[in-house]
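Notes for the one structure printed next.
Computed from heavy atoms alone, side chains included, the values below leave out hydrogens, waters and symmetry copies. Lettering of chains follows the sequences in order, A, B, ..., and the numbering in each one begins at 1.
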Amino acid sequence: MTAQHPPMELSKLPTGIVGFDQIANGGIPKGRSTLMAGTAGSGKTVMALQFLLAGVREFGENGVFVTFEEAPADLMQNVRSFGWDLEGLVTTQQIAVVDATPEPGEETVATGAYDLSALLARIENAIRSVNAKRVILDAIGALFPQLTDANVIRRELHRIAAGLRLLGVTTLVTMERTEEDGGVGRWGVEEFVADNVILLRNRLEHEKRRRTVEILKFRGATHHKGEYPFTIDSEDGVTIIPLSAIELKQHSSNVRVSSGVPEIDAMCSGGMYRDSIILVSGATGTGKTLMVSQYIKAAIEAGERALLFAAEESREQLTRNAANWGVDFEKAEQDGLLHIICRYPEVMGLEDHLLQIKRDLRDFKPQRVAIDSMSAFERVSTPKSFREFVIALTSTIKHLEVTGLFTNTTSMLAGGESITETHISTITDTIILLRYVELQGQMRRGLTVLKMRGTPHDKNIREYMIDNKGMHVLAPFRGVHGILSGAPTYTFDEERVRLGGLFNPIPEI
Amino acid sequence: MTIFKLRLFITGRTPQSQRAINNLRSICETEIQGAYEVEVIDVLEHPALAERDKILATPTLVKRLPEPIRKIIGDLSDREKVLLGLNVEVLAKETRA
C-alpha cells in the first residue's frame, strides 16, 4: 500500500436479496466469482435465481443463467410458485439461459485431450446477447459425472471464472456439499474457483429445519461473520434475518400512552412511553391476558389501531374473556381498530413466524402490538434462535415506533424467574411482574414495576385484585418480605396487627 | 452413399483443434471412406450452433447418423475408442447387404 494507492475495498454489487446485503456489507464482490455451497435442499438455486431476478427487477441488470443439473424448463416451473416469471424475462431478452445439463441417456466417450472452451463460448455468447451483468452457474458439481476427468474440469472452471472476470460480470456459482460441516465442496473446486465463499446450511434442530447463511470469506472485502438465519417462502423468496447487523438507532419518544390500568400508569409516572416494549411476566392465572385486554382497550379508546398475536388462546376465547371484562373485541375488529391473529407457535419455525409477524405489522400498520405469550414461542425453539427471534422482533417493533406488550409465563407459581426473562429482560424497556403471594393461607396477588427506562417509577409491591371490571391495584404489601423469592416472611409488627384482628381486645404481650 | 453424418466442434485454430481435424480425417479416409459427411464448426464463430447441440467440451465429435446420436469428446487420438464410438461395424453390415 503506497501513498499513490490508498487501501481501498473491492466494490460490491448489491444482490437485492433481503438482508443479505446487510450481512455482506453491501453485496458480493463486483466483477468476481462467488461460490455458494450447501447441502441438498439448502436453498442454493432459489437464492441464486433471486440474485438474478433482483438484478433485472431492481437494478436493471440483465442476467445469464447456466444450469448443469436441472433442465431449464423444470427450473422455471419450480420457481413459478414464488411468482417469478423467468420465461417472461427470457422472452423479453432480460435473462438468457445456457443449458449445460446432460442429455438423458447420452454417454460421452473421451478420446484424447479436451477443454471446456465450448461452454465458455456459449456463456460469453449468452452474456453478449442480453448484455448481462450477472451470471449464475447452478450446480457445477453435475459436470463431474458428465465428463470423466475431474482435473480437467477443475482447470477449466478456473479458466471460465477468469473469462467471466474479463467480461466484468459478477458470478454466483452454486455447488452441492455432502455435509453441513467440513470441507466446502466435494470436488475440490473451491481451491480453484472461489476467492469468495458463502455457505448455506439446513440443519435439523428440535425437529425443525433451520436455514442459515454464512459468509466464509470475501477476498479483499469485509463482511459480517457467523451464521444468519433465513427463510424461503412463496411471497418474498429468500429473506435473511441479519441479527447482529440490526442497528440500535431507534428514536425515542416522550409521548406516553396508557397501559389500560390507571393505577399502573400512576405507578409509572403517567403511563408507558409510546415506542417502548413492555414485558408482563407472571405465572399462569395471574392476569397477563387481562392486562393485554386492558392494554388493547386503552388503544381502542384512544382511537389507535392494535394488533394482537395470540399464541395460546383462540379468537373466541379471547373475545369472550375480554367481553367479561367489558372490552368488545368484535366491534373493535369490525371498526378496523383491532386485528387478532391466532397462530400456534408449532405451525412453523421461528424465522417464518418473524417474517409473518413483520408482514402483519406492515399490512395492518398498528400503533400498538401485543404478543400473548412470548414464552409460547420458546417452546418450539432452541435458546439461541429464540433469543434471535426476540431481538429481531423487538427491533422491528421499535423501528416502527409502536408500543409493544409481551407477556411471559413463568414456570413457578410464586416468585422465581424463567429463562425467557433473561432473554427478554435486557431488551424490554418496562417490566411488570405479576406474582402470587401466599399470605396466611390465602393466595393473593402482587405486582411491581421492576424496571422502567427513562422515568422514575413506584418501587412498591402492590396487591391487586381482579373482578368483572378488570384489574384493580391496591395498597403496597406492608410487613411482608421475600415475595419475589416465593417464600414471604412477616415482620413482628405485622403479626401483632394480624393477631389483633383475630382476638378482641388486643392481648398485651 | 452417406451413412455417417458427423459434426466436429472445435474452438479456433488451436493445435488441439488441428489435431482433432487431422485425426478425424485419417480415421474417415481409412475406415469409412466414401460413406461420410463432416461439418467442422468453430464454436467461437457459431456459438448458437454449440448451444443447439449442447456442446460443453471441445473438440467434440457428434455422430448424428447412424442413430443413436453420440458425442465423442477429445482430440480423437485414441483411435480404438473413436471407432467404437462411431460404431463402424454398421458400415460392414451395410456393405454386405
Nearest heavy-atom contact between B:K54 and A:D99 is NZ-OD2, 3.2 Å

What's the spacing between A:S117 OG and B:D42 CG if we round to 0.5 Å?
10.0 Å

Per-residue tally against chain A (heavy atom, under 4.5 Å) across B:D78, B:L61, B:I55 peaks at B:I55

Answer yes or no: does atom CZ of B:R13 have more than 12 heavy-atom neighbours from other residues, nucleotides or ligands under 6.0 Å?
no

Taking B:K81 for its side chain and A:V109 for its backbone only, find out whether a donor-acceptor pair lies under 3.5 Å.
no

Flag the one option from A:G112, A:P102, A:A113 with the top tally of heavy-atom pairs under 4.5 Å to chain B.
A:A113

Go through the atoms of B:Q16 and report whether side chain, backbone, both or neither lie under 4.5 Å from a heavy atom of chain A.
side chain

A:D115-B:T58 side chain donor-acceptor pair, cut-off 3.5 Å
yes

Of all the heavy-atom pairs spanning B:A57 and A:Y114, show the shortest one and how long it is.
CB-CD1, 3.7 Å

Could you tell me which portion of B:S77 (side chain, backbone, both or neither) has an atom closer than 4.5 angstrom to a non-hydrogen atom of chain A?
both

Please look at A:V97 and chain B and tell me whether the side chain, the backbone, both or neither of the residue comes under 4.5 angstrom of a heavy atom of that chain.
backbone

Which distance, rounded to the nearest 0.5 Å, do you find between the CG of B:L56 and the CD of A:E156?
11.0 Å

Under 4.5 Å, heavy atom to heavy atom, which residues of residues 118-133 of chain A contact chain B?
A:A118, A:L119, A:A121, A:R122, A:N125

Checked B:I72, B:L84, B:L44 vs chain A; the most non-hydrogen pairs under 4.5 Å come from B:I72

So, does A:T111 use its side chain to make a donor-acceptor pair with the main chain of B:V82 at under 3.5 Å?
no

Check the surroundings of atom CZ in A:R57: do more than 12 heavy atoms from other residues, nucleotides or ligands lie under 6.0 Å from it?
yes

